[in-house]
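Note that the structure is a prediction, hence the values are computed from the model and not measured. Start at 1 with the first residue, then count along the sequence. Ligands are counted one by one from 1 in listed order, and the atoms in each one are counted from 1 as well.
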Amino acid sequence: MNFNLLPLGWDEFFQSQIDASEKNEFIPARVIAENKTNYKVSTVNNEFIAEVIGRLIYATETESDLPKVGDWVLISLMDIDRAMIHGVLRRKTKLSRKAVGKDVREQIVGTNLDVLFIVQSLDSNFNLSRAERYLATLDREIRPVLVLNKTDLCDDVPAKLAEVKRRLPSLEVIATSAVNDQVDNLRKYISAGQTFAFIGSSGVGKSSLINRLMNDSKLETAPVRETDSKGRHTTTRREIVILESGGVLMDTPGMREFEPWGGDVDSEVFSDIEKLATQCRFKDCRHIQDEGCAVKQAVDDDVITFEHYQNFLKLERELEYQRSKTDINAALAKKNEVKKIHRAIKQMKKRKDE
Ligand SMILES: Nc1nc2c(ncn2[C@@H]2O[C@H](COP(=O)(O)OP(=O)(O)OP(=O)(O)O)[C@@H](O)[C@H]2O)c(=O)[nH]1
Ligand SMILES: [Mg+2]
Ligand SMILES: [Zn+2]
């Protein structure tokens, strides 16, 4: 076991993936930032600028297989501050979303996360439907925590906390501020060897909180525009910092929208609806028509809020659309493959006939 890597998040899961010869040839390192053409990776005491070897690029099937911030990679050293990446170790967890734009493809936000801090600010960003979007397809191995920041700008924090408890009773929540001692409510959560990602809208204070936890101002922060309280997208890349006291913190650029990626709505926060759905009269009930629908009945009876129900349907629809598109893409890829084979056979025949 590489004990000196433990503060960076190394453990048995990663150790078991490297064999004896790889152990001699390569050094494990963690990807702490992604630049346009290269990566920044970290070993215990050193950081390197690293590039991926060509063979690995050619062998990868999708963009998602290339190194991402949070990944453990195997490197060889080229120079005092340069390295090559030879492989990406299997991920323990990952946080994905649908890439912004028309293309229906996955974008990985971060990998090997233990805790996800969903940051909202209590001045004007508090929105539980948005929180539910982050949670809809979240990896069950990642522990989500809602972080309500800027308590100093809110005159009724207990009311907000009560609102969270009502709608999302199973979700952990922390009230904090980056400008006073309430940051200690957050600090208590940070533990050595664990990886914590901060996500949320621009301007909610992700980088400020991390700076405060580091007692440093390493990360750039900027005031929110007065007119519409929108942030300025100050952070432009995902980046990991490691606390001296232990704890791996990942800062991310503010997200304007978060469309979950992959599969079905599968989350503790919608387990109430899923439980009700088993009581609907029709097995394939889409919870839109009233007839025999236990979910709609629960909305009518105020057992679940209309917003919660509406958000669930919206997420289901988005994921269904994604599934249909990815099926089409897979079918098209297969068709191209078949075409290629036919062409090859034709050419072979032609050669034989000549
Ligand atoms: N009053 C108050 N201001 C805060 C708090 N946290 C952050 N801010 C301010 O909010 C503004 C935005 O903070 P950032 O840390 O840059 O926000 P961010 O979430 O990293 O934004 P992006 O990098 O754009 O995603 C800055 O002016 C901070 O000083 C807080 O708890 N209270
Ligand atoms: Mg930031
Ligand atoms: Zn139903």
Self-check item: Proximity winner for atom 12 (C) of ligand 1, if only heavy atoms of Cys154, Pro223, Ala222 are counted
Solution: Ala222
Practice problem: Mark up the atoms of ligand 1 that fall under 4.0 Å of a heavy atom belonging to Ala178, in ascending order. | Solution: 5 (C), 6 (N), 30 (C), 31 (O)
Quiz prompt | N-O pairing of Lys92 and Glu141 below 4.0 Å | solution = no
Practice problem: Determine whether the side chain, the backbone, both or neither of Thr234 has a heavy atom under 4.0 Å from any heavy atom of ligand 1. | Solution: both
Practice problem: Decide salt bridge (Lys or Arg N to Asp or Glu O under 4.0 Å) for Asp272 and Lys275; before the verdict, give the C-alpha distance in whole Å, the side-chain angles of both, and the deciding distance to 0.1 Å. | Solution: CA-CA 5 Å; Asp272 50 355; Lys275 215 181 276 162; over 6 Å; no
Quiz item: So is Lys150 polar-close to ligand 1, meaning N/O to N/O under 3.5 Å?
Solution: yes
Quiz item: If we only count N/O pairs under 3.5 Å, is Lys206 in contact with ligand 1?
Solution: yes
Quiz item: Is any N or O atom of Ser207, backbone or side chain, closer than 3.5 Å to an N or O atom of ligand 1?
Solution: yes
Practice problem: Output, by chain and residue number, all protein N/O/S atoms separated from the Zn ion (ligand 3) by less than 2.8 Å. | Solution: Cys280 SG, Cys285 SG, His287 ND1, Cys293 SG
Quiz prompt | Common cluster, Ile32/Leu8, ILVMFWY with side-chain heavy-atom separation under 4.5 Å | solution = yes
Quiz prompt | Arg82 with Glu51: basic N within carboxylate O range, under 4.0 Å | solution = yes
Practice problem: Report yes or no: does Glu318 contribute a side-chain atom to a donor-acceptor pair with the main-chain N or O of Leu315 at less than 3.5 Å? | Solution: no
Quiz prompt | Ligand-residue contact atoms, ligand 1 with Leu153, heavy atoms, under 4.0 Å | solution = 1 (N)
Quiz item: Do the side-chain N and O atoms of Ser64 and Arg91 include a donor-acceptor pair separated by under 3.5 angstrom?
Solution: no
Exercise. Check the angle between the aromatic planes of Tyr189 and Phe117 and answer parallel, tilted or perpendicular using the 30° and 60° thresholds.
Key: perpendicular
Quiz item: Is the closest N or O pair between Pro253 and ligand 1 shorter than 3.5 Å?
Solution: no
Quiz prompt | Proximal ligand 1 atoms for Asn149, defined as those under 4.0 Å from one of its heavy atoms | solution = 5 (C), 6 (N), 31 (O)
Exercise. Identify which protein N/O/S atoms are less than 2.8 Å from the Mg ion (ligand 2).
Key: Ser207 OG, Thr235 OG1
Quiz item: Any N or O of Thr176 that comes nearer than 3.5 Å to an N or O of ligand 1?
Solution: no
Quiz item: Under a 4.0 Å N-O cut-off, is there an ion pair linking Glu316 with Arg286?
Solution: no
Practice problem: Answer yes or no: is there a side-chain heavy-atom contact under 4.5 Å between Leu135 and Ile118? | Solution: yes
Exercise. Could you tell me which atoms of ligand 1, counted from 1 in the order shown, lie closer than 4.0 angstrom to a heavy atom of Gly254?
Key: 25 (O)
Quiz prompt | Asn112 side chain vs Gly70 backbone, donor-acceptor pair below 3.5 Å | solution = yes
Practice problem: State whether Lys94 and Asp139 are salt-bridged, where the test is any N-O pair (Lys NZ or Arg NE/NH1/NH2 against Asp/Glu carboxylate O) under 4.0 Å. | Solution: no
Quiz prompt | Of Gln107, Arg97, Gln322, the residue whose pairing with Glu259 passes side-chain contact (heavy atoms from CB on, under 4.5 Å) | solution = Gln322
Exercise. Look only at interatomic distance and state if Thr221 has a nitrogen or oxygen under 3.5 Å from any nitrogen or oxygen of ligand 1.
Key: no
Quiz item: Quick one: does Thr151 get an N or O within less than 3.5 Å of an N or O on ligand 1?
Solution: no
Quiz prompt | Proximal ligand 1 atoms for His233, defined as those under 4.0 Å from one of its heavy atoms | solution = 24 (O)
Practice problem: Quickly, which of His308, Arg167, Gln310 forms a side-chain hydrogen bond (donor to acceptor under 3.5 Å, both in side chains) with Ser129? Name it, please. | Solution: Arg167
Quiz item: Are Asp290 and Lys296 ion-paired here, with the side-chain N under 4.0 Å from a carboxylate O?
Solution: yes
Quiz item: Considering all heavy atoms of both residues, which atom of Thr236 and which atom of Pro253 are nearest to each other, and what is their separation?
Solution: C-CG, 3.8 Å
Practice problem: Would you mind checking if Glu63 and Lys68 are paired as a salt bridge, meaning a charged N to carboxylate O distance below 4.0 Å? | Solution: yes
